[in-house]
Each structure stands twice: as structure tokens, then as C-alpha cells.
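So the structure is just underneath, and the comments pick up after that.
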Amino acid sequence: MRTVPLPETATIAQIAERAEVESTDIIVELLSRNVLATINAAIDRDTARAVLAKLGVDVTDEETDAPAAAAEVEEAAPADDEAPTGDPRPPVVTVMGHVDHGKTTLLDAIRQTQVAAGEHGGITQSIGAYQVTTDEGAITFIDTPGHEAFTAMRARGAGVTDIVVVVVAADDGVMPQTVEAIGHARAAGVPMIMAVNKIDLPTANPERAYQQLTEHEVVVEAYGGDVVAVPLSAEQGDGIDELLEYINLTAQLEELRAPADGPAVATVIETRLDRSQGPIASAIVTSGTLSVGDQVRVGNVEGRVRALFDHNGERLKQAGPSTPVQVVGLESTPTAGDQLRVAKRSKRRRAERSAAQRGGGEQAIRLSLEQLAAQMTAGQLHQLSVVVKASTDGAAAAVVKSLADVGEARTRAVVIYEGVGTITESDVNLAAAAEGIVVGFDVRIDPAARAEADRQGVDVRVYFTIYELIDEVDAALRGMLEPEEFEVVDGRLEIRGEFRSERTLQIVGGMVLTGRIYRGADVRILRRGEVIGQGRIGTVRRFADPVEEVREGFDCGLGVQTTTNIELADIIEVFHTETRQP
């Protein structure tokens with residue numbers, strides 16, 4: 001049996017790497033112990049010891065030496081509160097706006113590429129960073145998706161930007177996501193430029209858009225404010241040069257600077273898993289110079305830069321401040337929004353231990369039988385376990401956030417694992433152990449995984465639009481609810497005649513007030529609004545003829561099977577029950 005040292009607490013990802021086992025195997029073993037955990041959840045050493053014993057790995061205690069660990073990893077990052085110094089740098093611009101207002105088309109016009117044509121459902125499927133060259137210098141653009149499901153991704157984009165360009169369609173005006181984008185810009189404390197798009201359309205009304213903006217305390221220069229508004233047509237290419245000029249002017253006023261010398265600090269914008277090159281992080285250098293061969297760390301992920309690529313796929317030897325790069329050489333996919341830092345010396349185990357001691361991972365949710373019973377009794381809780389795989393880290397995070405919003409008080413979706421890349425056999429096995437499903441967003445299914453899913457009866461579905469994914473999961477959650485019985489009142493009759501009374505049968509007559517009265521129906525007998533008894537209609541007659549039913553507004557005679565004494569002016573209420581999904 002192999003032996004590995006572990007600290008007092010560590011995330012499942014860290015334990016799996018130390019023990020050289022699959023993280024999904026650890027999660028499956030935890031599920032068998034009624035412990036619901038994600039790959040980033042932290043568990044204690046005793047729990048890890050019990051789980052790894054089942055996987056053929058022995059655990060020993062690792063001594064803690066946090067100061068020494070800190071000394072061994074020397075990060076070259078400046079303090080966050082230091083004032084920017086160094087040489088002038090290009091501005092980093094984030095373009096935001098409501099879906100279908102032309103944000104991606106605008107970037108497409110600026111870059112003179114055809115990104116917009118390859119998208120599904122009008123949503124940008126992954127975040128990218130691009131740099132363009134103007135007469136005044138370079139400008140770096142961050143492309144963030146425009147659907148509300150990607151709010152968290154937009155917030156990450158605003159966190160590294162210098163200027164926000166908010167796209168507003170001149171025909172639609174201000175929409176909910178326009179207001180959302182304005183809020184992100186304000187939260188980031190950066191200047192805004194309003195790009196009023198689609199002015200070439202016959203229905204365009206820029207003045208109305210300007211007036212709507214004032215309702216959200218955004219006053220453009222034409223109305224005496226200090227916010228620049230540039231009318232343009234991304235489709236026709238009109239106004240693009242003016243927009244770039246205003247971006248450069250705003251950047252000059254902001255006096256953007258960053259040191260170009262020394263080890264780099266960068267912000268990860270997006271991550272993905274490439275089949276040939278492994279984990280790739282899209283990042284923007286914020287200070288220093290990132291070079292091929294640098295030893296780097298992003299959160300708990302380490303690596304050595306094997307290659308750098310620009311947004312056109314061209315190889316770079318190094319990248320300075322405000323430069324967007326694709327970083328190849330990380331050992332696993334980091335989290336979007338994390339800082340990439342160059343380290344002079346690194347010992348992975350102590351770095352991991354320090355991260356675990358800082359409590360970086362969320363604690364696993366322990367579900368005892370008592371807790372489950374209490375939840376079932378209190379709210380009749382139903383739970384759909386979901387394994388999420390997406391093409392990028394940001395897309396996975398967006399899917400997880402969206403799934404948290406579906407369902408209702410009695411049903412919910414619980415993401416037990418989220419990852420990047422192709423759906424594999426491990427994903428299927430994990431879903432099978434949790435009696436759940438696998439959903440993929442813009443990814444493919446490994447043939448072996450498909451065969452395993454068929455063998456185990458696991459539902460695996462791949463989507464290319466967030467709308468379809470959420471709608472189907474929501475439908476699945478509603479289908480999990482137990483059918484409920486609903487009572488339907490079919491008709492009401494007022495008693496206007498009493499003809500014969502027996503022990504269990506009464507012959508009466510009356511007028512149908514509402515609905516219909518029919519043979520074989522269950523009835524309630526009401527007197528002055530109170531239920532005094534129940535029964536069943538045995539016969540229905542119109543004059544002397546037996547009939548199946550009588551409708552509203554007609555007289556009829558009834559043979560009611562009941563032990564209740566029916567009197568004049570009583571109401572006979574006909575009803576039935578239906579079983580349906582709530």
C-alpha cells in the first residue's frame with residue numbers, strides 16, 4: 001500500500017493529486033458515507049485516511065511549518081494597495097451590454113474577425129481577450145458574454161478593466177442587462193463610455209436611449225453630463241474610429257501605468273482544457289513581464305510556462321503589462337478570476353498545505369440520516385444530483401449558478417462535481433453513484449463514457465444554449481415531485497322538491513345552478529354554506545326519462561345514495577378529484 005503525507009485539512013483536488021487517484025473516486029467514496037462534497041471542498045485528515053484506505057493508499061501526518069512554507073515561495077507581486085508606478089501601459093477595456101444589442105458584433109468590427117458568426121443562441125460561448133493597435137497605441141479588449149446567466153463572469157471582467165464600454169441598442173434602449181452592466185462599472189470604480197449601437201436601423205432613437213440613461217443616473221455629455229456617448233453602427237462600421245479615439249483619450253486622462261520590469265502578475269480571464277496542450281489559461285498581465293520558462297502559481301495550481309500565445313495564436317517569448325496571453329504549462333485548470341504570480345522557488349506540498357490551512361476550500365456538506373429525515377419532513381425535499389462539464393471554467397461556473405436558481409422549495413439541483421473538458425467515464429460513474437445525471441455545455445461525450453452511461457442507465461445530455469439546459473433541468477425537477485390530488489367542482493344544484501326518502505336513498509328534485517350534474521358523481525350536501533354530509537348520485541332524470549347528465553339552467557330529479565336527510569334549499573355540490581403534477 002502506497003503512503004502519502006497529508007495536512008490536517010486539504011481539498012479533494014489536493015488529496016487526489018497527492019495520492020495519485022481520481023478526484024471522482026474520492027467523491028464517490030464520500031457519497032457512500034453520506035458526505036456530499038465538490039472537488040474544491042476541504043475534508044479533514046481522518047476522513048481522508050478512511051477514504052483513501054478504500055483506494056489502496058495509506059495516510060500519514062504531515063508536520064505543519066507555515067512560516068517555512070511561506071519563505072520557500074517568494075512571490076513577486078506588489079502590494080494591492082500600492083499606487084501604480086512604472087511606464088504607461090495600454091488600457092484594458094471591457095465591453096458589456098444587453099444580449100443582442102450588438103456587443104459581439106462591435107468587437108467583431110473592431111477586430112475585423114468573424115467571431116459573431118460562430119455562436120450558438122446569440123450568446124458568446126467563452127470569454128476572450130484581444131488587443132488592437134490604433135494610431136494612439138494598443139487597446140486590450142475583454143469580451144464578456146451578455147446573458148444574465150453569466151453575471152459572475154461579467155463581474156470578473158469588470159474587476160480587471162480600466163474602462164467599460166456599455167453597448168445600448170438605439171432601437172431597444174436601456175434594458176435590464178444594460179442597468180446590470182452600469183452597476184458593474186460603478187462597482188469597479190472605472191469610467192464608462194456609452195456605445196449607442198444600431199443607429200442605421202429605421203427604428204433607431206438615440207435620444208430616447210439618452211433619456212432612459214438619465215433615469216439610472218447616467219447623464220451623457222449631450223445632456224450636460226460627463227459620460228461620453230458615441231452613436232455608431234457596428235454592422236456598417238460607422239463610428240468605430242470615434243469610439244477608439246474616446247477610449248484612448250479616457251486612458252490618457254486616467255494616466256494608466258504599470259512596472260514592466262520584474263516577475264509578472266496576471267489575472268486569469270478564462271481557462272480551458274486542450275486535448276493536445278493540456279490546461280490553458282487566458283490571462284492579462286497587470287504588472288511585470290511574463291516569460292516562457294517562468295515558474296508560476298495560480299491559487300492552488302502550479303506550473304511552468306511552456307509556451308505563450310497572443311490572441312491570434314502567435315507564439316510570444318514574453319508579455320508585458322495589459323497584454324492578453326494564453327498560458328500553456330499549468331498542471332491543472334485554475335479558477336477564472338484568480339491571480340497568476342511568478343514564484344522564484346516552489347515546493348508544491350508546502351504551498352498546498354498553506355492554502356489548506358487558510359481555509360481556501362468550502363467545507364463538505366455532511367448529510368446524516370437524521371438531517372435528511374428532518375428536511376424531508378419539513379419541506380418534502382427532493383434533490384437532483386448533477387455532474388456539470390463545460391468547455392471553459394467560466395461557462396461551468398455560469399451553469400452552476402443557473403442551476404442554483406431552478407426548482408422550488410421542495411426540489412433543487414445539487415451540483416456534486418463541476419469540471420472542464422470532455423465528458424468521461426469518471427463523470428458517468430460519479431453520476432451513477434449519486435443516482436444523478438450528467439449535463440454538458442458545449443462539450444463532447446467520450447465514446448467510452450457514452451457506452452458506460454448506456455450500461456448504467458445514466459442520463460447524459462449536452463447543450464449549446466443556456467436556455468435549453470435550464471428549461472430541461474427545471475422540467476426534470478418538476479417531474480420529481482410526487483403527483484398531488486386536486487379537487488374539481490363540476491356543478492351545483494339547489495333542492496326544490498323532496499319526493500321519497502329511504503334509509504340510504506333519497507329521491508329529490510332541483511335546479512342546476514352551475515356546471516353539470518351527472519350520474520355516478522360524488523356529492524357534498526351543503527346547508528347554509530356548511531357541509532352536512534356526502535353521497536353519490538345513482539340516477540338522473542329529466543321528467544320521466546333517465547339521462548346521463550343535466551346542464552346549468554335545467555331542472556332534474558336525482559336519486560342520491562346518502563344517509564343524510566336532504567331538505568329544501570340544500571345545495572348538492574358535485575365534485576371529482578384529479579391527480580396531476582404540481
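Hydrogens, waters and symmetry mates are skipped; everything else that's a heavy atom, side chains included, is used.
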Q.
Would you say that Gln177 contacts Lys103 through its side chain, given a criterion of any heavy-atom pair below 4.5 Å between the two side chains?
A. no
Closest non-hydrogen atoms of Ile445 and Thr422, given as atom of the first, atom of the second and distance, are C-CG2, 4.1 Å
Between the NZ atom in Lys54 and the CD1 atom in Ile26, the distance rounded to the nearest 0.5 Å is 15.0 Å
Using a 3.5 Å distance criterion without hydrogens, assess whether the side chain of Asn197 forms a donor-acceptor pair with backbone atoms of His101. yes
Notebook entry, point to check: Taking Gln14 for the side chain and Thr11 for the main chain, is one N or O donor matched with an acceptor at less than 3.5 Å?
Noted result: yes
Open item on the list: Would you say that Ile466 contacts Val399 through its side chain, given a criterion of any heavy-atom pair below 4.5 Å between the two side chains?
Closed with: yes
So CD1 of Ile495 and CG of Leu558: to nearest 0.5 Å the spacing works out to 6.5 Å
Q: Tell me, yes or no, whether the heavy-atom count around Phe499 atom CZ, taken from other residues, nucleotides or ligands under 6.0 Å, exceeds 12.
A: yes
To the nearest 0.5 Å, atom CD1 of Ile517 lies from atom CD of Glu573 at 9.5 Å
Scanning both residues in full, the closest heavy-atom pair of Thr562 with Gly535 reads CB-CA, 4.1 Å
- Any side-chain heavy-atom pair of Asp393 and Thr333 under 4.5 Å: no
### Task
Please tell me if the side chains of Leu513 and Leu493 come closer than 4.5 Å, counting only heavy atoms from C-beta onward.
no
Smallest heavy-atom separation, Ala195 atom then Leu232 atom, equals CB-CD2, 3.9 Å
Residues Tyr518 and Phe575: closest non-hydrogen pair is OH-O, 4.2 Å
**Report entry** Verdict with supporting geometry, Asp172 and His98, side chain to side chain contact (heavy atoms under 4.5 Å, CB included)
**Finding:** CA-CA 10 Å; Asp172 279 350; His98 194 78; 5.6 Å; no
### Query
Would you find more than 12 non-hydrogen atoms of other residues, nucleotides or ligands less than 6.0 Å from Arg524 atom CZ?
yes
* Asked: If you measure from the Lys or Arg side-chain nitrogens to the Asp or Glu carboxylate oxygens, is any gap between Arg455 and Glu452 under 4.0 Å?
  -> yes
Using a 3.5 Å distance criterion without hydrogens, assess whether the side chain of Lys198 forms a donor-acceptor pair with backbone atoms of Ala170.
no
Taken to the nearest 0.5 Å, the spacing of Ser402 OG from Tyr467 OH works out to 11.0 Å
Here the gap from Arg450 atom CZ to Ile423 atom CD1, rounded to the nearest 0.5 Å, amounts to 8.0 Å
| message | Test side chain to side chain contact (heavy atoms under 4.5 Å, CB included) on Asn429 and Gln456; report intermediate values, then the result. | response | CA-CA 8 Å; Asn429 290 330; Gln456 299 201 50; 2.7 Å; yes
Walk me through whether Leu403 and Ile470 qualify under side chain to side chain contact (heavy atoms under 4.5 Å, CB included). CA-CA 7 Å; Leu403 290 177; Ile470 299 308; 4.2 Å; yes
Check whether any side-chain heavy atom of Val439 sits under 4.5 Å from a side-chain heavy atom of Val388, and report yes or no. yes
Answer whether the closest heavy-atom distance between the side chains of Val218 and Val174 falls below 4.5 Å. no
Does any part of the side chain of Val512, heavy atoms only, come nearer than 4.5 Å to the side chain of Thr514, both counted from C-beta?
no
Exercise. Ion pair present between Glu270 and Arg272, side-chain N to carboxylate O less than 4.0 angstrom?
Worked result: no
task: Please report the C-alpha distance between Leu201 and Asp171 in whole Å, then the side-chain angles of each, then the deciding distance to 0.1 Å, and finally whether the side chain to side chain contact (heavy atoms under 4.5 Å, CB included) criterion is met.
output: CA-CA 7 Å; Leu201 297 180; Asp171 56 341; 3.5 Å; yes
Checklist entry - Below 4.0 angstrom, N of the basic side chain to O of the carboxylate: do Arg516 and Glu549 qualify? => result yes
Neighbour count >12 (heavy atoms, 6.0 Å) for atom CD, Glu217: no
With distance as the sole test, does Arg527 use its side chain to make a donor-acceptor pair with the main-chain N or O of Glu530 at under 3.5 Å? no
Please determine if Arg542 and Asp545 form a salt bridge, counting it only when a charged side-chain N lies under 4.0 Å from a carboxylate O. no
Open item on the list: Using only atom types and a distance under 3.5 Å, with no angle test, would you say the side chain of Asp454 pairs donor to acceptor with the backbone of Ala451?
Closed with: no
When rounded to the nearest 0.5 Å, the distance separating OG1 of Thr539 from CD1 of Ile507 is 5.5 Å
Tightest non-hydrogen contact, residues Ala413 and Val473, listed as CB-CG1, 4.4 Å
Test side chain to side chain contact (heavy atoms under 4.5 Å, CB included), reference Val574, set Ile537, Val489, Asp522, output is Ile537
For this session: Decide yes or no for Glu498 and Leu568: does some side-chain heavy atom of the first lie under 4.5 Å from some side-chain heavy atom of the second?
Result: yes
- Message: Tell me if a side-chain donor or acceptor on Thr94 pairs with a main-chain N or O of Val164 at a distance below 3.5 Å.
- Response: no
With the threshold set at 4.0 Å, does a side-chain nitrogen-carboxylate oxygen contact exist between Arg492 and Glu494? no
Would you find a donor on one side and an acceptor on the other, under 3.5 Å apart, between the side chain of Gln506 and the backbone of Ile566?
yes
Val220 and Ala229 have their tightest heavy-atom pair at CG1-CB, 3.7 Å
Count the heavy atoms belonging to other residues, nucleotides or ligands that lie under 6.0 Å from CD of Glu425, then report whether that count exceeds 12.
yes
